[in-house]
Amino acid sequence: MTTRQDLADAFDALLEPGRFKDYGPNGLQVEGRAGIRRIVSGVTASRALIEAAIAAQADALFVHHGLFWRGQDGRVTGWMKQRLALLLQHDLNLFAYHLPLDAHPELGNNAQLGRVLGLQAQARFGDQDLGFLGQPAGGGAFAGPGALAAHVEHALGRPVTLVEGQDGPITRIAWCTGGAQGWFEAAIAAGAQAFLTGEISEPQAHYARECGVSFLACGHHATERYGAPAVAAHVAAQLGLEHRFIDIDNPA
């Protein structure tokens, strides 16, 4: 067993939230019991994940998408009341780290997505250096945009949306998990031949065709399933705690 404060200190020491300008509070968002034996990790603090963590007898829940965001309605009604009521009723701690979890060079969402896809990061780009730029591990190449898309679909177990740029071998790949479609222009400027993220908006298809850089939208949830369990497992091992990752399916 460890304490809530020791767990919070371990997460903060690893993820360094003070380095980031973020869209909401990082760290302990809802205070629960003081003693910690078991952590459950997941992507989003949905009611389904909170209920699963309670069923797993967790003392702390560690997620990428917490409950509180800049500019949201501050009233505790509807879905917010339901989630908070469960956390408070069961004395369950909620820890959430957004951009710090994306950015960690080894355990974060981008680093872990690269591991899953067999990509080796060589540089960073974009605001707060959140974007990763690299090549296939081992120095190989994908035969073309279609081959890269097929590889990603196989690795993630879901279809991707591909807007093809220039045909031909792809060696320079940029990626940034989640809703980073707005970083496509920065990836192009960084020299990428293809850019992978979670979502696509209207402008990106035009940029891909006009600039010759392929764009792959691979799913917001699908690209961010890997950082939370990696960080939680690392900290749990460090403090001698139990850890379990629970993935609540999300087609987004």
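All residue numbers in this chain count up from 1 along the given sequence.
Scanning for salt bridge (Lys or Arg N to Asp or Glu O under 4.0 Å) contacts around R19 gives E16, with sequence neighbours left out. Shown here are the side-chain hydrogen bond (donor to acceptor under 3.5 Å, both in side chains) partners of Q112, two or more places apart in sequence or in another chain: R115. Residues meeting the salt bridge (Lys or Arg N to Asp or Glu O under 4.0 Å) test with E51, sequence neighbours left out: R47. Legend: residues meeting side-chain hydrogen bond (donor to acceptor under 3.5 Å, both in side chains) with E153, ordered by chain and number and at least two apart, are absent. Scanning for salt bridge (Lys or Arg N to Asp or Glu O under 4.0 Å) contacts around R33 gives D59, with sequence neighbours left out. The salt bridge (Lys or Arg N to Asp or Glu O under 4.0 Å) search around D73 returns R75, not counting sequence neighbours. Applying the side-chain hydrogen bond (donor to acceptor under 3.5 Å, both in side chains) criterion to H104, with sequence neighbours excluded, gives no partner residue.
Residue pairs that meet the side chain to side chain donor-acceptor pair (under 3.5 Å) test with at least one member in residues 166-175, sequence neighbours left out, are T171-Q193. Sorted by first and then second residue, the salt bridge (charged side-chain N to carboxylate O under 4.0 Å, His left out) pairs involving residues 188-215 (not counting sequence neighbours) form an empty list. Each side chain to side chain donor-acceptor pair (under 3.5 Å) pair with one or both residues in residues 238-249, not counting sequence neighbours, appears once here: R38-E242, S41-H243, H221-D247. Pairs of residues two or more places apart, or lying in two chains, never qualify as side chain to side chain donor-acceptor pair (under 3.5 Å) while including a residue from residues 120-140.
When each of F68, Y23, F20 is paired with H98, the ring-ring contact (aromatic ring centres under 6.0 Å, His included) condition holds for Y23 and for no other.
Between the side chains of D12 and Y97, at least one donor N or O lies within less than 3.5 Å of an accepting N or O.
If you chain together ILVMFWY residues whose side-chain heavy atoms come under 4.5 Å of each other, F245 ends up in a group of its own.
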